[in-house]
Amino acid sequence: MEKQPYLQIRQLTKSFGHIEALRNANLDACQGEILAIVGDNGAGKSTLIKTLSGALTPDSGVITINGQAYAHLTPKLAEEKGITTVYQDLSLVNTQTVWENIFLGHEYRRLGWLNKKKMRRETAELLKRLHVSIQDQEAIVGHLSGGQRQAIAVARAIRQGGKMIILDEPTAAMGFKETAAVQKLIRNLADQGYGIIIISHNIQQVFELSNRICVMRQGEVLALLDTKSVTADEIVSMIVGGTAVNGVKQ
């Protein structure tokens, strides 16, 4: 049985002056799958992410989340509807602890005081459910590895109600061991029913992780393909200026 998309965009456009950053972009994303978005610099990936996160307002088009259509999103509305984005900089506070970062901006309070006990308990439960191995919740985030920091940013997105998690270059500048840990986390999230969108220049990683691949070029969605139906060489050809697979533009 085919999965129903949790997130759909139709005919999404966005221009900056004479530059068309998005041109009638169409895309579906489902829960329980990993969708990779690939394209060269300037292909429109960042504009698409910022539009879905509510940071940018499209000029036209429709964004549909769980069956409800919107002309545009705000950051608050995107979060309320379960669309959360983890950017490359992760937006962590390096001088705070693991649990403080996970609850950042969404702290529990009781009689005006922080309910630290509850937040620590829920942090432990969340990390265990996500199979994230961080032994000390009191550890200062700035002292942790890149893979652990990425896991904390993802855990925070989940804690904030994320159902469709957008990850921007999730393993950039990481070593082999850290990359493997983050990729394992991404697979676990999809297995638990979360929708995952990864933006990556790492074609090998795209093929290892994704169920489907969206190729963007010059603001357009050139193709949306099942990963198993295409080769890495074909994807690279489309990115740099070739045609879609079998000439089909989806």
Review point. Any donor-acceptor pair under 3.5 Å linking the side chain of Thr74 with the backbone of Leu77?
Key: yes

Point to revise | Nearest non-hydrogen partners of Gly162 and Tyr194, listed with the distance | key: O-CE2, 3.3 Å

Check your understanding: Do any N or O atoms from the side chain of Asp28 and from the backbone of Pro5 form a donor-acceptor pair under 3.5 angstrom?
Key -> no

Point to revise | Backbone N/O of Phe207 and side chain of Thr227: donor-acceptor pair under 3.5 Å | key: no

Exercise for review: Please test Ile203 against Ile235 for side-chain contact (heavy atoms from CB on, under 4.5 Å), starting from the C-alpha separation and ending with a verdict.
Suggested key: CA-CA 8 Å; Ile203 298 300; Ile235 292 295; 4.1 Å; yes

Check your understanding: Does the Lys163 side chain pair with the main chain of Gln31, one donor and one acceptor, at a distance under 3.5 Å?
Key -> no

Practice item. Could you go through the side-chain hydrogen bond (donor to acceptor under 3.5 Å, both in side chains) check for Gln205 and Thr171 one step at a time? Key: CA-CA 9 Å; Gln205 180 181 79; Thr171 61; 2.7 Å; yes

Practice item. Determine whether Leu127 and Leu167 fall in the same hydrophobic cluster, where Ile, Leu, Val, Met, Phe, Trp and Tyr are linked whenever their side-chain heavy atoms lie under 4.5 Å apart. Key: yes

**Study point:** Within 6.0 angstrom of Phe176 CZ, more than 12 heavy atoms from elsewhere
**Key:** no

Check your understanding: Do you know which of Leu27, Thr64, Ile65 makes side chain to side chain contact (heavy atoms under 4.5 Å, CB included) with Gln8?
Key -> Thr64

Check your understanding: Going only through I, L, V, M, F, W and Y residues with side-chain contacts under 4.5 Å, is there a path from Val132 to Ile196?
Key -> yes

Study note, to complete from the structure: Note: Thr84 and Ala157 closest approach over all heavy atoms is OG1-CB, 3.5 Å

Review point. With a 4.0 Å cut-off, would you call Lys184 and Asp191 a salt bridge?
Key: no

**Study point:** Distance-only polar pair, side chains of Glu234 and Ser237, donor-acceptor under 3.5 Å
**Key:** no

Practice item. Check the pair Glu220, Leu222 against side-chain contact (heavy atoms from CB on, under 4.5 Å), reporting the backbone distance first and the verdict last. Key: CA-CA 6 Å; Glu220 290 187 289; Leu222 185 66; 5.6 Å; no

Exercise for review: Drop me the distance from Arg121's CZ to Lys116's NZ, to the nearest 0.5 angstrom.
Suggested key: 15.5 Å

Revision key, fill the gap. One should read off an interatomic distance between Glu208 CD and Ile34 CD1, to the nearest 0.5 angstrom, of 11.0 Å

Review point. Between Ala78 and Ser53, what is the shortest heavy-atom contact and its length?
Key: CB-O, 3.7 Å

Check your understanding: When you measure from the side chain of Glu33 to the backbone N and O of Cys30, does any donor-acceptor pair fall under 3.5 Å?
Key -> yes

Review point. OG1/Thr123 to CZ/Arg156 distance, rounded to the nearest 0.5 angstrom?
Key: 12.0 Å

Check your understanding: Asn26 side chain to Gln11 main-chain N or O, any donor-acceptor pair under 3.5 Å?
Key -> yes

Review point. With the 4.5 Å side-chain cut-off for hydrophobic clustering, are Val86 and Leu48 part of the same group?
Key: no

Point to revise | Distance-only donor-acceptor check, side chains His143 and Gln148, under 3.5 Å | key: no

**Study point:** Distance (rounded to the nearest 0.5 Å) between Thr51 OG1 and Asp59 CG
**Key:** 9.0 Å

Exercise for review: Please test Leu126 against Ile102 for side-chain contact (heavy atoms from CB on, under 4.5 Å), starting from the C-alpha separation and ending with a verdict.
Suggested key: CA-CA 10 Å; Leu126 177 59; Ile102 287 177; 4.2 Å; yes

Practice item. Kindly indicate whether the side chain of Arg159, heavy atoms from C-beta on, has any atom under 4.5 Å from the side chain of Glu122. Key: yes

Review point. Between Ser210 (side chain) and Ile213 (backbone), is there a donor-acceptor pair under 3.5 Å?
Key: no

Review point. Is there a donor-acceptor contact under 3.5 Å linking the side chains of Glu169 and Tyr87?
Key: no

**Study point:** Where Leu22 and Gly44 come nearest, the two heavy atoms and their spacing
**Key:** CD2-O, 3.7 Å

Check your understanding: For Gly17, does its backbone N or O pair with a side-chain atom of Ser15 as donor and acceptor, under 3.5 Å?
Key -> no

**Study point:** Arg10 and Asn24 side chains, donor-acceptor separation under 3.5 Å
**Key:** no

Check your understanding: Are Ile165 and Val182 connected in a single hydrophobic cluster, I mean Ile/Leu/Val/Met/Phe/Trp/Tyr linked by side-chain heavy atoms less than 4.5 Å apart?
Key -> yes

Check your understanding: Mind checking whether Gln192 and Leu130 have side chains closer than 4.5 Å, heavy atoms only?
Key -> yes

Exercise for review: Please examine the side chains of Val221 and Val215, heavy atoms only from C-beta on, and report whether any two atoms are closer than 4.5 Å.
Suggested key: no

Study note, to complete from the structure: Interatomic distance, NZ@Lys177 vs OG1@Thr179, rounded to 0.5 Å, equals 12.5 Å

Practice item. For Val38 and Lys45, work out which heavy atoms get closest and say how close. Key: C-CD, 3.8 Å

**Study point:** salt bridge (charged side-chain N to carboxylate O under 4.0 Å, His left out): pairs with one or both residues in residues 123-148, sequence neighbours excluded
**Key:** Arg120-Glu138

Point to revise | Pairwise distance CH2(Trp99) to CD(Glu107) - rounded to 0.5 angstrom | key: 8.0 Å

Check your understanding: For Ser229, does its backbone N or O pair with a side-chain atom of Asp226 as donor and acceptor, under 3.5 Å?
Key -> no

Review point. Should we say atom CD1 of Ile19 is surrounded by more than 12 heavy atoms from elsewhere, each under 6.0 Å from it?
Key: no

Review point. Going by atom types only, do Tyr70 and Gln68 share a side-chain donor-acceptor pair under 3.5 Å?
Key: yes

**Study point:** Stepwise side-chain hydrogen bond (donor to acceptor under 3.5 Å, both in side chains) check, Asn94 with Arg149
**Key:** CA-CA 9 Å; Asn94 288 331; Arg149 289 164 52 80; 2.5 Å; yes

Check your understanding: Is there a donor-acceptor pair closer than 3.5 Å between any side-chain N or O of Thr13 and the backbone N or O of Ser60?
Key -> yes

Check your understanding: Between Asp168 and Ile49, does a side-chain contact (heavy atoms from CB on, under 4.5 Å) hold up when you go through it step by step?
Key -> CA-CA 8 Å; Asp168 184 17; Ile49 293 172; 4.3 Å; yes

Revision key, fill the gap. Closest non-hydrogen contact found for Val62 with Leu12 is N-CD1, 4.1 Å

